[in-house]
Every structure is written in structure tokens, then in C-alpha cells.
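Okay, so here's the structure we're looking at.
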Amino acid sequence: MEGVIDAVTRELLTAGPGIDWTVTEFVRVVDTRLPPRAFYKHCPELKDGTNATPTGVPVHIQLLGSDTDALAANARQALKLGATGIDLNFGCPAKLVNRHDGGASLLRCPDRVYRATRAVVDAIDGRIPVTAKIRLGFADRQQAVACARATEDAGASRLTVHARTRNEGYRPPAHWEWIGRIRHHVSLPVVANGDIWTLDDYWKARTLSGCDDVMLGRSALADPWLAARIRHWQETGQRLAATTWPMRAGIIDDYAQRQRRKLPERIVTSLVKQWLTQMRQNNAEAEVHFQRVKRITALDELLEELAA
Ligand SMILES: Cc1cc2nc3c(=O)[nH]c(=O)nc-3n(C[C@H](O)[C@H](O)[C@H](O)COP(=O)(O)O)c2cc1C
């Protein structure tokens with residue numbers, strides 16, 4: 001997630017079980033081949049040759065763009081640098097991105113989704129998987145199935161569907177039943193995404209979409225143990241205990257200590273508040289702690305308050 005989940009966050013979130021793969025923030029492709037540093041910035045995991053988090057969870061590099069030649073050139077560049085998977089972003093709703101013809105704007109024309117995906121699949125020539133992420137459409141859902149089919153016809157090996165249109169932004173509800181509709185028209189594996197905040201949400205999304213696998217966005221930060229909870233239930237049929245405040249404070253402290261090795265303290269302070277903001281959306285304790293620390297500007301003081 002752009003501006004939110006970086007390599008440090010990926011490392012912390014994949015320290016425990018539940019997450020099978022991760023995706024970088026999108027790499028914006030315009031009309032040129034980007035230099036290696038652009039890929040290393042989004043995906044430092046390329047540098048050690050593993051393209052995975054320290055626990056071995058793959059990190060797929062996400063490209064966002066519409067120029068087929070540039071997408072192909074950047075896919076080849078990523079492959080050369082050691083990428084083990086490329087994901088294509090057809091879901092970003094940001095006005096600036098859409099105005100420059102990227103992300104969800106391609107969903108208005110399934111043929112463009114096809115051509116963008118095909119360009120990358122051809123460039124990669126079967127050496128690593130190419131996956132795609134779509135929303136249900138731009139303004140409406142009329143092209144949802146056509147866009148999904150376009151990714152499959154072009155050779156994508158997996159499709160993640162965020163169950164809202166671009167114009168629906170991030171407003172609830174997510175229309176998981178539409179993912180079920182899409183699944184009936186494609187044969188590639190489909191992953192459900194959108195508003196899966198709890199194990200109960202997972203059950204509902206799974207029932208309505210028919211997908212076992214889900215992609216967690218904001219909720220991976222809101223409850224860093226949600227993926228483990230889902231995996232535990234899949235394997236045992238049992239519920240894990242709820243995530244406690246000390247667990248939450250612990251992961252935030254770990255995050256801050258790692259980030260402060262490379263970022264200025266004031267930036268780490270605001271990153272910590274950003275993570276807390278995700279947590280407080282559906283956790284009363286996080287809300288109380290956030291209110292207590294929101295005006296603190298010194299990082300150590302902030303972390304001490306959270307641990308108190
Ligand atoms: C701040 C922010 C940044 C995001 N950046 C990306 C991104 O770079 N690539 C992507 O595929 N989705 C991105 N998303 C969308 C999420 O991956 C996800 O599809 C969406 O938030 C719905 O899932 P959720 O309800 O689990 O968060 C972003 C979402 C947010 C809120």
C-alpha cells in the first residue's frame with residue numbers, strides 16, 4: 001500500500017504465519033524504463049537476491065501504468081533485477097493517477113486491461129508469474145466480468161478483486177458477491193479483497209465470493225494478527241484469542257526502532273501515528289492510546305506512553 005506498507009512493515013507482518021505473499025507499493029510506469037534505484041526503493045528485498053521477506057514470504061513488484069511498451073520494458077527490468085513475481089495495478093482510484101491514465105482508469109476498457117497485461121506476460125515470457133488486481137469497474141460494474149476475463153485471456157496467473165468500483169472509493173460495503181459472480185466466468189485463481197477486518201468478515205467474504213484466499217489491505221495494519229487468525233481457523237477450525245494491546249504496542253515499538261535507523265525521528269513519529277490511526281478504526285484501546293499520544297512529538301516519549 002502506497003505510503004503505508006514498506007519493507008520494514010512487510011518484515012514485521014510476515015514474521016508470523018498467515019501471509020503467503022506480499023506486494024510492493026505501486027511502481028509508477030509512465031513512458032520510460034525506470035532505473036534500478038526506483039525498483040530498489042520500492043522493493044529493497046531485491047538487493048539480497050531473495051525478493052522475499054526474512055521469513056521467506058515472496059514480495060511481488062507492483063507496476064502501475066498504461067503504456068504497453070513501458071510496462072514491458074519495466075517488467076523486463078524488474079526480472080533482470082531478480083523479481084520473482086509482477087503484479088499489475090488496475091485498481092488505484094487516485095485522481096492524479098487516473099488523470100494520467102493509470103490504475104482503475106483502464107477498467108473503462110477491458111481491451112486495455114488485456115493489452116497491458118499481455119505486454120507484461122509477453123515480456124516476462126513465462127519466467128515468473130504475472131498477477132493482476134482490479135476493482136469492479138470505474139463508475140459502474142458493467143465491465144467487471146470482462147475486465148477479469150481480460151486478465152485471464154492475457155495470461156495472468158492470479159487475480160485479486162477489490163469488491164468496489166473506483167467511484168466507490170473505500171466506502172463500505174464491499175460487494176463480495178460480485179467477486180463470486182466474476183469467479184463463475186474465469187478459471188484462474190481469484191483472491192477476494194476489501195473490508196475484511198475480522199475473522200467474521202473473512203467468513204462472510206468467503207461465503208459470498210467463494211474464495212478461500214483473501215488479500216488484506218488496511219486491516220493487516222489494523223490487526224497485524226488477522227492473517228494468522230484466518231490461517232489458524234483454516235487449519236484447525238478454531239478461533240485464536242483476540243489481539244491484545246501489548247501485542248499491538250509491541251509491534252509498533254519494533255517498527256519504530258527499525259525505522260529510526262534510517263529515517264529522521266519526526267518522520268518515524270508520524271509513521272507511528274499513521275499505524276495507530278489504522279488500528280484505532282476498530283479497536284477501542286488503540287483509540288484511547290491514540291488520543292493520549294496524538295500531540296506528542298518526541299518519539300521516545302510517544303513509545304513510552306504506548307507501552308505504559
Ligand atoms: C493508503 C492506501 C494505499 C494503497 N496503495 C495501494 C497500492 O499501492 N497498490 C494496491 O494494489 N492497492 C493499494 N491500496 C488498496 C488496498 O490494497 C486495498 O485494495 C484496499 O484498501 C481495500 O482493501 P482493505 O479494505 O483490506 O484495505 C491502497 C489503499 C490505501 C488506503
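Everything numeric in this text was worked out from a predicted model, so none of it was measured. One-based numbering, in listed order, for ligands and for the atoms of each. In what follows, every heavy atom counts, from backbone to side chain, and hydrogens, waters and symmetry copies are set aside.
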Set of side chain to side chain donor-acceptor pair (under 3.5 Å) partners for N74, sequence neighbours left out: none
Cationic tip of R229 above W225 ring, under 6.0 Å, 45° of axis: no
Within the protein, flag every N or O under 3.5 Å from an N or O of ligand 1, and note the pair and distance.
unit_1	atom_1	unit_2	atom_2	d
ligand 1	5 (N)	E2	N	2.8
ligand 1	8 (O)	E2	N	3.3
ligand 1	8 (O)	F26	N	3.3
ligand 1	9 (N)	Q62	OE1	2.7
ligand 1	9 (N)	N89	ND2	3.4
ligand 1	11 (O)	Q62	OE1	3.3
ligand 1	11 (O)	Q62	NE2	2.8
ligand 1	11 (O)	K133	NZ	2.9
ligand 1	12 (N)	K133	NZ	2.9
ligand 1	17 (O)	K133	NZ	3.1
ligand 1	19 (O)	K133	NZ	2.8
ligand 1	19 (O)	N193	OD1	2.6
ligand 1	23 (O)	N193	ND2	3.0
ligand 1	25 (O)	D195	N	2.7
ligand 1	25 (O)	R218	NH2	2.7
ligand 1	26 (O)	G217	N	2.9
ligand 1	27 (O)	R218	N	2.8
ligand 1	27 (O)	R218	NE	2.7

More than 12 heavy atoms from other groups under 6.0 Å of NZ on K41: no
Whichever hydrophobic residues join F26 through chains of side-chain contacts under 4.5 Å: L64, V97
Side chain to side chain donor-acceptor pair (under 3.5 Å) partners for N283, two or more places apart: none
No-hydrogen, no-angle side-chain donor-acceptor test under 3.5 Å, T50 and D48: yes
